[in-house]
Protein chains: 2
Amino acid sequence: MGVTIKDVAKRVGVTPATVSMVINNKPRISEETRRKVRQAIEELDYFPHEGARSLVLQRTNTLGVAAPFFTSYFVLETLSGIERAVRESDYNLVLYGTRGLAETEEAVVTRIARERKVDGLISINLALKPEQVALFQRNNVRVICLENEAEGCDWVRVDNVSGAREATAHLLGLGHRSVALVTGPTGSVAKQREQGYREALLAAGLRPEDAPRIEAPNYSREDGLEAGARILAAKRRPTAVFVAAGDVCATGVLLAFKRAGVSVPREISLVGFDDQPFAELMEPALTTVRQPMERMGREAFGLLRDALKETRERTPVRRDFETELIVRGSTSRAKA
Amino acid sequence: MGVTIKDVAKRVGVTPATVSMVINNKPRISEETRRKVRQAIEELDYFPHEGARSLVLQRTNTLGVAAPFFTSYFVLETLSGIERAVRESDYNLVLYGTRGLAETEEAVVTRIARERKVDGLISINLALKPEQVALFQRNNVRVICLENEAEGCDWVRVDNVSGAREATAHLLGLGHRSVALVTGPTGSVAKQREQGYREALLAAGLRPEDAPRIEAPNYSREDGLEAGARILAAKRRPTAVFVAAGDVCATGVLLAFKRAGVSVPREISLVGFDDQPFAELMEPALTTVRQPMERMGREAFGLLRDALKETRERTPVRRDFETELIVRGSTSRAKA
DNA sequence: CTGTTAGCGCCTTCAG
DNA sequence: CTGAAGGCGCTAACAG
């Protein structure tokens, strides 16, 4: 169908091996031959067949990115960083979505590991089990974890503990003594944020048990609406809320407060997590914790590329990025 | 390195060909052999090498998605629809970003066509030139266009003309006689939306030239800010604005109005395009034009899959999706 | 019903 | 410096 290396060879009157060497810039080919081969390639509009190369070279020049959803802001932003870095290299990028379902995740991961379509994988937010990590190792697929951690893999994440601690400390610094927590379902990220929250409270001599703790199973706006209602219904109403479950959820909390006629930040202060673009547009604009997602994506790609250069196993690399507290209008000093 | 079809064959005492036939469910293999082969596959934990299959089968089971950016809401949402549909099939998805640069786009497109890593491509918003379409055809890569149109390709898009007409008509129906337009840079989509806008005005006996027409080169919030300022500075200030350049840009326009102390919708009405999630969260909530992005993505995948089944060329298929006007708080009746 | 042969397109020895 | 041969892992065609 297409033009192959043989066609080029025939035209020049050499063998495919010679053409191959020219393409791959191997030495010990005369300038003369080199020139003629190049010209033939030009004339025939020849381009090497990547699949065939992969087969013999045992590498695909392709990286995978797996994530539960590609609609999550975090995933999207990190993907964007990855994509940008990849475009500057000559890797390709394959996407694997797991739809947030454990069984799909299982199947997808198995497939990625064994199908050999990728040299390496960036796993965003997947709960990789040890046997899955082992499967990747056996199949010689390097894995970098983004946001989640898996034993034996490099990982890139944000320091959730300190981010949450800082957010909570900001509220305490404004004089709030009762800070509610709205957090995601069990998972390492949620745990870390809760830990940071608790650390800040304890450091201020407060007891975490004294303020409402509400779970937002889906990090959704609806979850936030319900959380907001429950916070208002608490017997001792808190004067501040830290929505560790993220900005989307925080919009729901805010909406619940507005519907109840409770003013933010006059009566209650609100802090989110993520710094999504709309955070700045809300009324009041949302104080929140920013994560350097794009940079994290680039870093994940960098680690993967480096890992692929090494033939032997390295000791896993860990990168913790710092968060940044963005103070806006949704937080203010507690009334005395 | 990994276990191959030969290992399986050797273990059972048959040839690779037999194993291959079992794997691919070809008939004329005895139940006995079939069973033994299956068992050996199980025991050895064998999995076919996709790359090797592709080489001989002349298809990669992989589809590409190319777009300028993967951070644009439209791209993201359609990608999500594509991804979902793909996950239900057994195709893989490769991403190609062009960074919005013409030369990158040129290089990427050429590479996609010639590298043969994909059987088909969904092109979101790329300006495919006829020679590029021809290049794809020569290399037997099917192409579906999403949002943009290219001669000779199937395409999926939204009816921008009628969407813009409806949005404008909504404003006119509220009694507005001077409706400004904020539109994207030249491109088929922007042209279509402007056409719809003009049609609505003309149908109401108004002259498009009488109201400000402002370009937003990057569809950005900053562009919107500037557009808003210019609208307020117009000698005869319009009472309504249609931001065909999208909701992000509309947030800028709104901000400019707020900063100037001009109340929306009391003094001026505002309509966006896209219905991004934050549109509902703005104050006032934004009236806007919704596009069924997810469904469009699924449809694009469906068309591509069908096209790949057909061996011969078909006459191009076109799908126009309808928009939906979502009326919220940013539009109200013009004062008499 | 199964084995043999040939080849997908390319690259890497090893001779010459 | 270049050609010939072998093989990456798999499948299709043809024999047996």
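The structure presented is a predicted model; accordingly, all values stated were derived computationally and were not measured. A, B, ... follow the sequence lines: proteins, then strands. Residue 1 opens every chain.
Using modelled atom types, no side-chain atom of B/Thr18 and backbone atom of B/Val14 make a donor-acceptor pair closer than 3.5 Å. Counting only distance, with no hydrogens or angles, the side chain of A/Asp7 and the backbone of A/Thr4 share a donor-acceptor pair below 3.5 Å. Using modelled atom types, no side-chain atom of A/Thr98 and backbone atom of A/Leu101 make a donor-acceptor pair closer than 3.5 Å. Put simply, the side chain of A/Asp119 never gets that close to the backbone of A/Arg59: no donor and acceptor are under 3.5 Å apart. Checked by atom type and distance alone, the side chain of B/Thr110 pairs as donor or acceptor with a backbone atom of B/Glu106 at under 3.5 Å.
When the P atom of C/dC10 is taken as reference, atom CD1 of A/Ile23 falls 7 Å away, rounded to whole Å. Atom CZ of B/Arg59 is separated from atom P of D/dC10 by 14 Å (rounded to the nearest Å). Atom CD1 of B/Ile5 is separated from atom P of C/dG3 by 13 Å (rounded to the nearest Å). A straight line from CZ of A/Arg34 to P of D/dC1 spans 9 Å, rounded to a whole angstrom. Rounded to whole Å, the distance from CG on A/Asn24 to P on C/dT13 is 12 Å. Spacing between atom NZ of A/Lys26 and atom P of C/dC10 amounts to 16 Å, rounded to whole angstrom units. One can place CZ of A/Arg116 at 8 Å from P of D/dC10, the figure rounded to the nearest angstrom. Rounded to an integer number of Å, the gap from A/Ile41 CD1 to C/dC10 C1' is 13 Å.
With D/dT11, C/dT4, C/dT12 as the candidates, the nucleotide lying closest to the side chain of B/Val56 is D/dT11. Comparing D/dT11, D/dC10, C/dC10 against the side chain of B/Tyr46 picks out D/dC10 as the nearest. In the set D/dA12, D/dT11, C/dC10, C/dC10 carries the atom at the smallest distance from any side-chain atom of A/Thr4. If you check C/dC1, C/dT4, C/dT12 against the side chain of B/Ser30, the one that comes closest is C/dC1. Nearest to the side-chain atoms of A/Arg53 among the listed nucleotides D/dA4, C/dC11, C/dG9 stands C/dC11. Looking at the side chain of A/Thr18, the nearest of the listed nucleotides C/dG9, D/dT2, C/dT2 is D/dT2. Of the candidates D/dG9, C/dT12, D/dA4, C/dT12 carries the atom nearest the A/Leu57 side chain, counting heavy atoms from C-beta on. Nearest nucleotide to the side chain of A/Gln58, out of C/dT12, D/dC8, C/dC11: D/dC8.
Using a 4.0 Å heavy-atom cutoff across all strands shown, B/Val14 reaches sugar-phosphate atoms only and no base atom. The residue A/Pro16 sits apart from the nucleic acid: no heavy atom pair falls under 4.0 Å.
Comparing A/Phe47 and A/Met21 against DNA chain C, the residue whose closest nucleotide sits nearer the 5' end is A/Phe47.
Taking only side-chain nitrogens and oxygens, B/Lys6 comes nearer than 4.0 Å to OP1 or OP2 of D/dC8. In terms of phosphate contacts, A/Thr33 brings no side-chain nitrogen or oxygen within less than 4.0 Å of OP1 or OP2 of D/dC1.
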field: Stepwise side chain to side chain donor-acceptor pair (under 3.5 Å) check, B/Thr60 with A/Lys117
entry: CA-CA 10 Å; B/Thr60 62; A/Lys117 277 218 165 182; 5.2 Å; no
